[in-house]
Amino acid sequence: MSDNKEHLNFIEEIIEEDLQEGKHNGHIHTRFPPEPNGYLHIGHVKAITINFELAKKYGGSTNLRFDDTNPTTEETEYVEGIKRDIQWLGYTWNGDALYASDYFDKLYHYAEKLILDGHAYIDDSTAEQIAEMKKTPMEAGIESPYRNRPVDENLDLFRKMKAGAFPDGTRVLRAKVDMTSPNMHMRDPVIYRIKHDHHHRTGDQWCIYPMYDFAHGQSDSIEGITHSLCSLEFTHHRPLYDWFIEKLGIFPSRQIEFARMNVTYLITSKRKLLKLVEEGIVTGWDDPRMPTIAGMRRRGYPAAALREFCEKVGVAKRDNLIEIELLESCVRDELNKTSDRAMVVMDPIRITLRNYEENKTEYLTAENNPEDATRGERTMSFSRHLFIERDDFMENPPKNYFRLYPGGNVRLKNAYIISCEEIIKDESGEVTELICSYHPDSKSGNDTSGLKVKGTLHWVNAADAIEAEIREYDKLFTDPTPAGHDDKDVLDFINPNSLVINRKARLESSLSKAKPGQAFQFLRKGYYTADDEFTLEHPVFNATVNLKESFKVQK
RNA sequence: UGACCCAUGGUGUAACGGUAGCACUACAGAUUUUGGUUCUGUCUGUUAAGGUUCGAAUCCUUAUGGGUCAACCA
């Protein structure tokens, strides 16, 4: 209907309303707040693109802030990986990377202010006792016996906590909110705990650390974040987020929640992903089967395809399960435009052209990318002995088989039309060689033969074809929602054939010059990307995504 | 059993009280020196019942279904 009218998602609607009202003087500032305790995955890609694209669209910027308030689980190693992944995706954060730990002093003073104003107290109860007193969402909680401690005593104890007077777990600082709230997060949440732990940035300077709820919103506020976008499970934290802003009288960042992305055959639980690594089911966080950014990059998924995917998925609040086909479609679409073509025979059958001179070699030209003439051409050698795909020959073909069969003609891409005249088999009956003849007047670009063929095959010259390791990847799981079964573990759905290594393939010689990370379309097969381990001596290609097939050979 | 959130083709997402559209998938057909790409077409949808209104996917009520929340994790 309104084709040229732009469709806004619900967050854009909120932003445009704010803009119209002149809120924050028209400034938009977002942030991406990862915890440095693991690698980024496809779910984070959505959060990253939403935050960065929204800021870009409305002339704002995006902070990268590491939410590093738990020294026990966080490491500098992850910080570097996360930075690299975001940059690879094509985004630049505002200024230097920031850290919640940069605000530990400020946060501490916020906490003292809360105590002074009677909004927080030290609780000597154990974790178990606190949990017990919170009760369940169905019934009101009960107040801690320490809840009405005098301000002076609270302050004194908090300072002693900070000074290291108490062992881990003996006391906490709690916000004094409402133990009867139906929202569990409002039942006097713990906001500081004692942890005599080494922090990846502040070292041993602190032995008390703020909890998420007392760090995240305040960090947003300190940085002047106007729109703090997070996933739906934080909805229940929003009243608390707002409560702290109000009690502290600080910049009013606004939290907005959207539904996280689920994709068929993919899992995004850090814990489960870690398990795959630890159990050796994959080779590491960057295994091309992993839905991590590092894994997808190694698989050959272009950053632009990932961005486009998120764009197409959209943003809303309802639960969703996106078909992986959409992701693959985005990858193909991008690679079709950008990758050079090459010919690779995965499972070779030898061809001998009986009427082609034994020692002759011709050099034929092939376009690198029919979608993009600026990619130029390359040269391929051609001679009497060639390889074609085993799937491209059938002794007894079905009626709509366009490929080679006894007595049939096919074109060899960029070369000649050939006719199959004789089949040679080994003792087990397997075809080992085809004796063919070629039609000298059918050369590509110069065809005067008048012959019509239905099929065009890819091929390589036996004389200079190279060998390589080709890693064929398939889905890691056999179930579209491996993490969605209460009675089963994701490991129950591992696809035993998710990696099949092919060492018998023969590749056109130009592929020896591939660079790690470079993607190609292996003609009529799929997109393949030179692995990080690719070398001239040991070429390795990863299957990125196959080409769409509207015809499947019946076996 | 409490509170909060959500409900549009197979999937995802639009339509902001006025003809339910787009993309992916699937299936046809055209083009093609890649059974790719491109192009064209087809199939399939407003959870249910009431109400408000000239008119409801949209507003109201109820029901149903799904999700989330009870870490000194984030």
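Every chain is numbered from 1 and lettered A, B, ... according to where its sequence line falls, protein lines coming before strand lines.
Nucleic acid contact class of A:S339 (heavy atoms, under 4.0 Å, all strands): none. Among the protein residues, A:Q521 comes within range of the nucleic acid bases, having at least one heavy atom under 4.0 Å from a base atom. No engagement by A:D168 is indicated, since no non-hydrogen atom pair under 4.0 Å with the nucleic acid exists. If you check every strand for non-hydrogen atoms under 4.0 Å, A:F234 touches a base. As judged by a 4.0 angstrom heavy-atom cut-off over every strand, A:G526 is placed among residues making no nucleic acid contact. Looking at heavy-atom distances under 4.0 Å, A:P370 makes contact with a base. Contact annotation for A:K195: backbone-only contact, meaning every heavy-atom pair under 4.0 Å involves sugar-phosphate atoms and none involves a base. Across all strands, A:R187 comes closer than 4.0 Å to no nucleic acid atom at all (heavy-atom distances). No engagement by A:F309 is indicated, since no non-hydrogen atom pair under 4.0 Å with the nucleic acid exists. Using a 4.0 Å heavy-atom criterion, one finds that A:T136 contacts the bases of the nucleic acid, with or without backbone contacts as well. A:N320 comes within 4.0 angstrom of sugar-phosphate atoms only, judged by non-hydrogen atoms across all strands, and of no base. Nucleic acid contact for A:A127: base, since at least one base atom lies under 4.0 Å from a heavy atom of the residue. When heavy atoms are screened at a 4.0 angstrom cut-off, A:V315 is found touching the sugar-phosphate backbone but no base atom. Using a 4.0 Å heavy-atom distance criterion, A:L457 is classed as making no nucleic acid contact.
For the C1' atom pair drawn from B:G35 and B:A28, the interatomic distance equals 15 Å after rounding to whole Å. Across the C1' atoms, B:U46 and B:A20 are found 8 Å apart, a figure rounded to whole Å. Comparing the P positions of B:A7 and B:U13 gives an interatomic distance of 9 Å, to the nearest angstrom. Here, B:A57 and B:A49 have their C1' atoms 16 Å apart, quoted to the whole Å. Comparing B:U62 with B:C5, their P atoms are spaced 14 Å from each other, to the whole Å. Comparing the C1' positions of B:U25 and B:G9 gives a spacing of 11 Å, expressed to the nearest Å. One P atom belongs to B:U47, the other to B:G66, and the distance between them is 16 Å to the nearest Å. Nucleotides B:C24 and B:A71, compared at atom P, are 45 Å apart to the nearest Å.
At the phosphate of B:U13, OP1 or OP2 sits under 4.0 Å from a side-chain N or O atom of A:R318. Note on A:S550: a side-chain N or O is less than 4.0 Å away from OP1 or OP2 of B:G36. A close approach under 4.0 Å does occur between a side-chain nitrogen or oxygen of A:T69 and OP1 or OP2 of B:A74. The phosphate of B:C72 has neither OP1 nor OP2 within less than 4.0 Å of any side-chain N or O from A:R174. OP1 or OP2 of B:C72 lies within a sub-4.0 Å distance of a side-chain N or O belonging to A:K134.
The closest donor-acceptor contact from the side chain of A:E389 to the backbone of A:M346 lies under 3.5 Å. A distance-only check finds a donor-acceptor pair linking the side chain of A:N369 to the backbone of A:S339 [under 3.5 Å]. A donor-acceptor pair under 3.5 Å is formed between the side chain of A:W459 and the backbone N or O of A:K413. When atom types are taken as modelled, the side chain of A:N63 and the backbone of A:R31 share no donor-acceptor pair closer than 3.5 angstrom. The backbone N or O of A:A259 lies less than 3.5 Å from no partner atom in the side chain of A:S231, so there is not a single donor-acceptor pair.
Looking at A:R174 and A:D123, a side-chain N of the basic residue comes within less than 4.0 Å of a carboxylate O on the acidic one, giving a salt bridge. Under the 4.0 Å criterion applied to side-chain N and carboxylate O atoms, A:R65 and A:E223 are assigned as salt-bridge partners. A salt bridge is defined here as a Lys NZ or Arg NE, NH1 or NH2 lying under 4.0 Å from an Asp or Glu carboxylate O, and A:E233 with A:R260 meets this definition. At a threshold of 4.0 Å, the pair A:E12-A:K57 counts as salt-bridged, since one of the basic side-chain nitrogens sits closer than that to a carboxylate oxygen.
In this structure, A:D188 and A:R147 have side chains that are in contact, with non-hydrogen atoms separated by less than 4.5 Å. Two residues are said to be in side-chain contact when any heavy atoms from C-beta on lie closer than 4.5 Å; A:V313 and A:L326 meet this criterion. For the pair A:Y108 and A:Y192, the minimum side-chain heavy-atom distance is below 4.5 Å. Between A:H119 and A:W243 the shortest side-chain heavy-atom distance falls below 4.5 Å.
Between the C1' atom of B:U37 and the NZ atom of A:K413 lies a distance of 11 Å, rounded to the nearest Å. As rounded to whole Å, 10 Å separates atom P of B:U68 from atom NE2 of A:H236. Remark: C1' of B:C4 and CG of A:N183 are 8 Å apart, rounded to the nearest angstrom. Rounded to an integer number of Å, the gap from A:H185 NE2 to B:A74 P is 13 Å. Between the CE atom of A:M346 and the P atom of B:U34 there is a distance of 18 Å, given to the nearest Å. A straight line from CD of A:E367 to P of B:U34 spans 9 Å, rounded to a whole angstrom. We find that NZ of A:K46 is positioned 11 Å from C1' of B:U13, with the value rounded to whole Å. Regarding A:Y121, its OH atom lies at a distance of 12 Å from the P atom of B:C72, rounded to whole Å.
Judged by distance alone with a 3.5 Å cut-off, no donor-acceptor contact links the side chain of A:R524 to the base of B:U34. One can find a donor-acceptor pair under 3.5 Å joining the base of B:U33 and the side-chain atoms of A:S444.
Comparing A:T235 and A:N9 by the nucleotide of RNA chain B that holds the closest heavy atom to each, the one mapping nearer the 5' end is A:T235. Mapping A:K443 and A:M211 onto RNA chain B by nearest heavy atom places A:K443 at the nucleotide closer to the 5' end.
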Which atom pairs link the protein and nucleotides 23-26 of chain B when you take only N or O atoms and keep those under 3.5 Å?
| residue | atom | partner | partner atom | Å |
| --- | --- | --- | --- | --- |
| B:U25 | OP1 | A:K548 | NZ | 3.4 |

Exercise. Kindly indicate, with the supporting measurements, whether the criterion side-chain contact (heavy atoms from CB on, under 4.5 Å) is fulfilled by A:N414 and A:F382.
Key: CA-CA 10 Å; A:N414 298 125; A:F382 183 90; over 6 Å; no

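Centre separation under 5.5 Å together with a plane angle under 30° does not hold for the ring of A:Y212 and the six-membered base ring of B:A74, so they are not marked as stacked.
In the set B:G36, B:G2, B:A14, B:G2 carries the atom at the smallest distance from any side-chain atom of A:P137. The side chain of A:L523 lies closest to B:U34, out of B:G35, B:U34, B:G2.
A:K195 forms no cation-pi arrangement with A:Y209, by the criterion of a distance under 6.0 Å to the ring centre and an angle within 45° of the ring axis. Geometric assessment of A:R201 against the ring of A:Y99 yields a positive cation-pi assignment under the 6.0 Å and 45° thresholds.
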Quiz prompt | Dot-bracket notation for RNA chain B, counting Watson-Crick and G-U pairs under 3.5 Å, with | for partners on another strand | solution = .((((((..((((....[..)))).(((((.......)))))....(((((..]....))))))))))).....

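Interface residues of residues 214-223 of chain A facing RNA chain B, ordered by number: none; criterion, heavy-atom separation under 4.0 Å.
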